[in-house]
**Q** 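First the structure, then my questions, so here it is.
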Amino acid sequence: MKLDLAQYRELEAFAKFGSDLDASTKKILTRGSRLVELLKQGQYVPVPIEKQVVSIYVGTNGYLDEIPVIDVKRFEKEFLEFVEVKYSEIFNLLEKQKN
């Protein structure tokens, strides 16, 4: 993820000066903008590690690429609620592994 964000920052600066971007550059910019939005957290509102892991997995594997940036936080919230209700064992397993 660190590499993805580094590529995004570099291309973001470059894209401001260039008008024609190839498909792979657009893909990196699309994913990077969603990852940045995904990483935003409210002050004094910590997110449990197991939820962060699931969110980062979703973002780095391209599942957010088709979602408008403005809807990323809402999608994340609703997706984590869905996982908690339907697949809570994922969170339980991740929580056990962190110790």
Side-chain angles (χ1 to χ4, degrees):
M1 185 165 123
K2 191 174 182 178
L3 179 61
D4 288 341
L5 287 174
Q7 286 179 324
Y8 166 69
R9 294 287 185 209
E10 186 177 316
L11 288 174
E12 182 184 38
F14 172 77
K16 290 179 184 177
F17 300 107
S19 58
D20 278 344
L21 302 173
D22 63 2
S24 65
T25 302
K26 287 180 185 178
K27 182 178 177 180
I28 291 169
L29 289 171
T30 297
R31 184 162 300 160
S33 62
R34 280 143 184 86
L35 287 174
V36 167
E37 191 65 27
L38 190 66
L39 291 173
K40 292 179 183 177
Q41 289 185 17
Q43 189 174 11
Y44 309 116
V45 187
V47 177
I49 298 293
E50 55 275 9
K51 289 186 177 185
Q52 290 180 37
V53 168
V54 170
S55 294
I56 291 170
Y57 177 85
V58 168
T60 57
N61 286 289
Y63 296 109
L64 299 175
D65 289 356
E66 300 300 319
I67 296 180
V69 174
I70 197 165
D71 294 330
V72 167
K73 292 307 285 182
R74 182 177 57 86
F75 175 85
E76 177 189 25
K77 179 182 178 286
E78 292 174 5
F79 181 73
L80 291 174
E81 288 171 357
F82 169 77
V83 172
E84 193 161 5
V85 169
K86 294 284 190 178
Y87 303 101
S88 61
E89 66 273 4
I90 292 173
F91 291 139
N92 296 333
L93 180 64
L94 289 170
E95 188 174 9
K96 286 178 187 175
Q97 287 183 350
K98 77 176 180 184
N99 296 329

**Q** Rounded to the nearest 0.5 Å, what separates atom CG in Asp65 from atom NZ in Lys26?
**A** 14.5 Å
**Q** Roughly how far, to the nearest 0.5 Å, is CD of Glu50 from CD1 of Ile90?
**A** 11.5 Å
**Q** Same hydrophobic cluster for Tyr87 and Val47, using side-chain heavy-atom links shorter than 4.5 Å among ILVMFWY?
**A**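 Result: no, two separate clusters.
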**Q** Counting only N and O atoms by type, is there a donor-acceptor contact under 3.5 Å from the side chain of Ser88 to the main-chain atoms of Val85?
**A** no
**Q** If Ile, Leu, Val, Met, Phe, Trp and Tyr residues are connected whenever their side-chain heavy atoms lie under 4.5 Å apart, and connections chain through other members, are Val69 and Val36 in the same group?
**A** no
**Q** Are the side chains of Val58 and Leu38 in contact, using a 4.5 Å heavy-atom criterion?
**A** no
**Q** With a 6.0 Å cut-off (strictly less than), is the heavy-atom count around NZ of Lys73, excluding the residue itself, greater than 12?
**A**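 Buried by this count: over 12 neighbours within 6.0 Å.
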**Q** Drop me the distance from Asn92's CG to Glu84's CD, to the nearest 0.5 angstrom.
**A**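 The CD atom of Glu84 is 9.0 Å from CG of Asn92, to the nearest 0.5 Å.
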**Q** Mind checking whether Leu64 and Phe82 sit in one hydrophobic cluster, side chains of I, L, V, M, F, W, Y counted as touching below 4.5 Å?
**A**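 Yes, it is one cluster - the side chains of Leu64 and Phe82 are joined through contacts under 4.5 Å.
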**Q** Measuring only between side-chain heavy atoms, which start at C-beta, is Leu94 closer than 4.5 Å to Ile49?
**A**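 They are not in side-chain contact.
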**Q** Should Phe75 and Leu39 be regarded as members of a common hydrophobic cluster, given that ILVMFWY residues are connected when their side-chain heavy atoms come within less than 4.5 Å of each other, either directly or indirectly?
**A** yes
**Q** Minimum heavy-atom separation for Leu80 and Ser55, please, with both atom names.
**A** CD1-OG, 3.6 Å
**Q** Report, as yes or no, whether the 6.0 Å neighbourhood of atom CD on Glu81 holds more than 12 heavy atoms from other residues, nucleotides or ligands.
**A**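 Count over threshold, so yes.
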**Q** Could you state whether Ile56 and Phe79 fall into the same hydrophobic cluster, counting links through intermediate Ile, Leu, Val, Met, Phe, Trp or Tyr residues with side-chain heavy atoms under 4.5 angstrom apart?
**A** yes
**Q** Do Glu76 and Glu37 touch side chain to side chain, with heavy atoms closer than 4.5 Å?
**A** no
**Q** Closer than 3.5 angstrom, by distance alone: can the side chain of Arg34 be matched with the main-chain N or O of Val72 as a donor-acceptor pair?
**A**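 Checked: no pair found.
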